[in-house]
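Have a look at the structure below before the remarks.
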Protein chains: 2
Amino acid sequence: MLRGDITVAIRNAVMNELAEVGYGRLSIEAVARRAGVGKTAIYRRWSNKLEMVMEIISDVAERKVPLPDTGSFAGDLELLMMIVSKALQHRIASQIIPDLMAEAARNPQISETLQRALRTHQQAVGEKLVGQAIHRGELPEGTDADLAVDLILGPLYWRLAVAREPLSDDHLEKLTAAVTAALRAS
Amino acid sequence: MLRGDITVAIRNAVMNELAEVGYGRLSIEAVARRAGVGKTAIYRRWSNKLEMVMEIISDVAERKVPLPDTGSFAGDLELLMMIVSKALQHRIASQIIPDLMAEAARNPQISETLQRALRTHQQAVGEKLVGQAIHRGELPEGTDADLAVDLILGPLYWRLAVAREPLSDDHLEKLTAAVTAALRAS
DNA sequence: GAACGGCGGAACGCAACCGTTACGTCGTAG
DNA sequence: CTACGACGTAACGGTTGCGTTCCGCCGTTC
C-alpha cells in the first residue's frame with residue numbers, strides 16, 4: 001500500500017512548485033526534491049506530469065464552497081464576492097490559477113479538467129444566487145445567470161488576478177453596488 | 001548593420017512560439033528554428049530570452065489604440081467593448097496575454113513591463129471614457145474611473161480569456177447595457 | 001578588388017530532466 | 001521470523017536547451 005504521508009508531501013510539493021515556476025517549467029525531479037522523496041515514489045502514483053498535476057488540482061478545486069444564502073440578494077452577493085476575493089488573494093491560488101488558465105488555452109486536457117472543476121461548480125453558484133433573487137422578487141424574471149457570473153467574477157478576477165491591484169473594502173463595496181445595479185437593470 | 005528582414009522573422013517567430021508553448025517553455029533554439037535563422041543572429045540582438053521577449057512584447061503592446069470618442073457614452077462604451085473583445089479573440093493575443101499575465105505573477109521584470117505597456121495605456125482609455133461622459137453629464141460627477149475599468153474589462157476578459165466561452169453579439173449588448181447601468185448608479 | 005560585418009551551420013562543454021532500472025533498507029502483516 | 005512491498009538512492013542512456021566559438025559564405029562599402 002502506498003504511504004499516505006508520502007502522497008501528502010508530494011501533493012504539497014506540487015502545489016508549491018506550481019506556484020513558483022508554473023506548469024510549463026514544473027519538473028518531476030524538482031517535485032521529488034522538494035517533497036524529500038524519490039522519483040520512484042512519484043512514478044508509482046502517476047505516470048507523468050500532466051496526470052499528476054491534473055489529479056492533484058481536481059482534488060483541490062472540487063472542494064465545495066458553501067453556496068451563499070443569507071436571505072437577501074445584497075447579502076448573498078456581498079458574501080460571495082468576499083469569498084471569491086479572499087480566494088483570489090491567497091498566495092498559492094493567485095499564482096496557480098492564472099498559470100493553469102493560460103496553460104488550458106493550449107492543452108485541451110487541462111482545459112477540460114478546469115472547466116469541470118471550476119465552471120460546473122462556480123456556475124452553479126451563480127445560478128443559485130440569481131435563482132434565489134428572482135424567487136424573492138429582487139431581480140427581474142428573465143435575468144441571465146451567465147451574464148451575472150461574468151459581472152460578478154469578471155471584475156474581481158481582472159483586478160486581483162490580472163491587473164494585480166489592491167482591492168480595498170471600499171472598492172469592493174462599490175463593486176457590489178455596481179453589480180447589483182447592473183443586474184437589476186438587465 | 002543588423003538585417004531588418006531577419007529581425008522581423010525573429011519577432012514573428014517569438015510571437016508564434018509564445019502563443020504555442022508559452023513563455024516558460026519558449027526556447028531560443030526553437031525560435032531560431034522557426035524563424036529559419038541561426039542562434040547567432042538572435043544573440044547578436046538580445047542577450048537572453050527575457051530581454052528578447054520583453055523588447056518584442058513592449059513594442060507590440062505599446063501600439064496605441066485610438067481612444068473612442070463617438071459623441072455619446074453609450075457609443076463610446078459599445079465601441080470600446082467591441083475593440084477589446086476583438087483583440088481578446090485574436091488567435092495570438094488570446095494565448096499570449098494570459099500566459100504573460102501568469103508569468104508576471106512570478107517575474108517582477110515581466111510584471112513591470114506589462115504594467116507599463118498595458119495599464120498606463122488602457123487606464124488612460126478608461127479615464128478618458130469616463131471623463132468625457134461626466135463632462136457630457138451622462139455620468140454622475142464622482143464616478144470612479146478605476147471602478148469603470150474593472151467593470152468594462154473584467155467581464156470581457158473573464159469570459160473571453162479565462163472561461164473561454166463564446167461572446168455573442170446579444171451577450172455583448174446585454175453586457176454593455178449592464179455596465180452602463182452599473183456606472184450610472186455608482 | 002579588398003576589407004568588413006552580418007549571416008547560417010556546426011560543434012562545443014555544461015546542465016537539467018526524462019522515464020526506467022537495480023539495489024539495499026525498513027516497517028508491517030501474517 | 002519471514003515475506004512483501006513501498007521507500008530512497010544512484011545510475012542509466014537519451015533528449016533538449018543553454019550561451020559560446022569558429023568557420024566559410026556573401027553582399028556592401030570604399
Side-chain angles (χ1 to χ4, degrees), chain A residues 1-57 59 95-96 99-100 102-103 106-110 113, chain B residues 1-57 59 95-96 99-100 102-103 106-110 113:
Chain A
M1 209 45 211
L2 298 174
R3 271 172 52 185
D5 56 333
I6 302 277
T7 305
V8 168
I10 297 174
R11 298 181 110 82
N12 292 338
V14 167
M15 295 300 283
N16 285 313
E17 204 67 16
L18 263 187
E20 271 183 29
V21 306
Y23 179 84
R25 278 193 283 248
L26 180 136
S27 80
I28 302 268
E29 308 224 349
V31 170
R33 238 176 289 136
R34 178 167 216 141
V37 138
K39 277 200 290 179
T40 41
I42 296 180
Y43 282 110
R44 213 170 278 125
R45 289 168 172 77
W46 304 280
S47 62
N48 54 52
K49 165 172 140 179
L50 179 60
E51 196 185 297
M52 173 182 74
V53 172
M54 288 302 90
E55 205 227 77
I56 294 177
I57 289 295
D59 248 47
Q95 304 260 54
I96 292 184
D99 182 80
L100 288 181
E103 201 60 31
R106 62 179 77 91
N107 186 322
Q109 196 168 342
I110 294 184
T113 304
Chain B
M1 208 47 209
L2 298 174
R3 271 173 53 186
D5 56 332
I6 302 278
T7 305
V8 169
I10 298 174
R11 296 181 111 82
N12 292 338
V14 167
M15 294 300 283
N16 285 312
E17 204 66 16
L18 264 186
E20 271 183 30
V21 306
Y23 179 84
R25 277 193 284 246
L26 179 136
S27 78
I28 302 269
E29 308 226 348
V31 170
R33 240 177 285 137
R34 178 167 216 140
V37 137
K39 276 201 291 179
T40 39
I42 296 180
Y43 281 110
R44 213 168 280 125
R45 289 168 172 76
W46 303 279
S47 64
N48 54 54
K49 165 170 140 179
L50 178 59
E51 195 185 299
M52 174 182 72
V53 172
M54 287 302 90
E55 205 228 77
I56 294 177
I57 289 296
D59 248 48
Q95 304 260 54
I96 292 185
D99 181 79
L100 288 181
E103 201 61 31
R106 64 179 78 89
N107 185 323
Q109 195 169 342
I110 294 184
T113 303

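Residue numbers start from 1 in every chain, and the chains themselves are labelled A, B, ... in the order their sequence lines are given, proteins ahead of strands.
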Test of understanding: with side-chain hydrogen bond (donor to acceptor under 3.5 Å, both in side chains), list the residues that count as partners of [X], not counting sequence neighbours.
X        : answer
B:Thr113 : none
A:Lys49  : none
B:Glu17  : B:Arg34
A:Thr40  : none

message = Return a single string for nucleotides 13-30 of chain C, one symbol per nucleotide in 5' to 3' order, where B is base contact, S is sugar-phosphate-only contact and - is none, cutoff 4.0 angstrom on heavy atoms.
response = ----SBBBBB--------

query = Would you say the side-chain atoms of A:Thr7 pair up with the backbone N or O of A:Arg3, donor to acceptor, closer than 3.5 Å?
reply = yes

Show me the protein contacts with nucleotides 24-30 of chain D, counting only N or O atoms at under 3.5 Å.
none

message = Taking the side chain as everything from C-beta on, heavy atoms only, tell me whether A:Glu55 gets closer than 4.5 Å to A:Arg11.
response = yes

May I have the list of side-chain donor-acceptor pairs in residues 21-28 of chain B shorter than 3.5 Å, sequence neighbours left out?
from: B:Arg25; atom 1: NH2; to: A:Glu103; atom 2: OE2; distance (Å): 2.3
from: B:Ser27; atom 1: OG; to: B:Ala30; atom 2: N; distance (Å): 3.1

Contact summary for A:Arg45 and A:Ala41, nearest pair of heavy atoms =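 That would be NH1-O, 2.7 Å.
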
remark   = Atom CZ of B:Arg45 and atom P of C:dG5 are separated, to the nearest Å, by 16 Å

key: Rounded distance (Å) that lies between atom C1' of D:dG19 and atom CG of B:Leu50   = 16 Å

request  = Under the side-chain contact (heavy atoms from CB on, under 4.5 Å) rule, collect the residues that match up with B:Asn48, sequence neighbours excluded.
outcome  = B:Leu50, B:Glu51

request  = Could you pull out all residues at least two apart from B:Ala9 that satisfy side-chain contact (heavy atoms from CB on, under 4.5 Å)?
outcome  = B:Ala35

ask   = Can we say A:Lys39 and A:Glu29 salt-bridge, meaning some charged N sits less than 4.0 Å from an Asp/Glu carboxylate O?
value = yes

query = What are the residues of residues 1-9 of chain B, sorted by number, that bring a heavy atom to within less than 4.0 Å of DNA chain C?
reply = B:Met1, B:Leu2, B:Arg3, B:Ile6

inquiry  = I'd like to know whether B:Trp46 forms a side-chain contact (heavy atoms from CB on, under 4.5 Å) with B:Ile10, so could you lay out the CA-CA distance, the side-chain angles of the two residues, the decisive distance to 0.1 Å, and finally the verdict.
reply    = CA-CA 11 Å; B:Trp46 303 279; B:Ile10 298 174; 3.6 Å; yes

query = Which value, rounded to the nearest 0.5 Å, describes the distance between B:Ile56 atom CD1 and B:Met15 atom CE?
reply =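 The distance works out to 8.0 Å.
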
Would you tabulate the pairs of protein nitrogen or oxygen atoms and nucleotide nitrogen or oxygen atoms of nucleotides 1-3 of chain D closer than 3.5 angstrom?
none

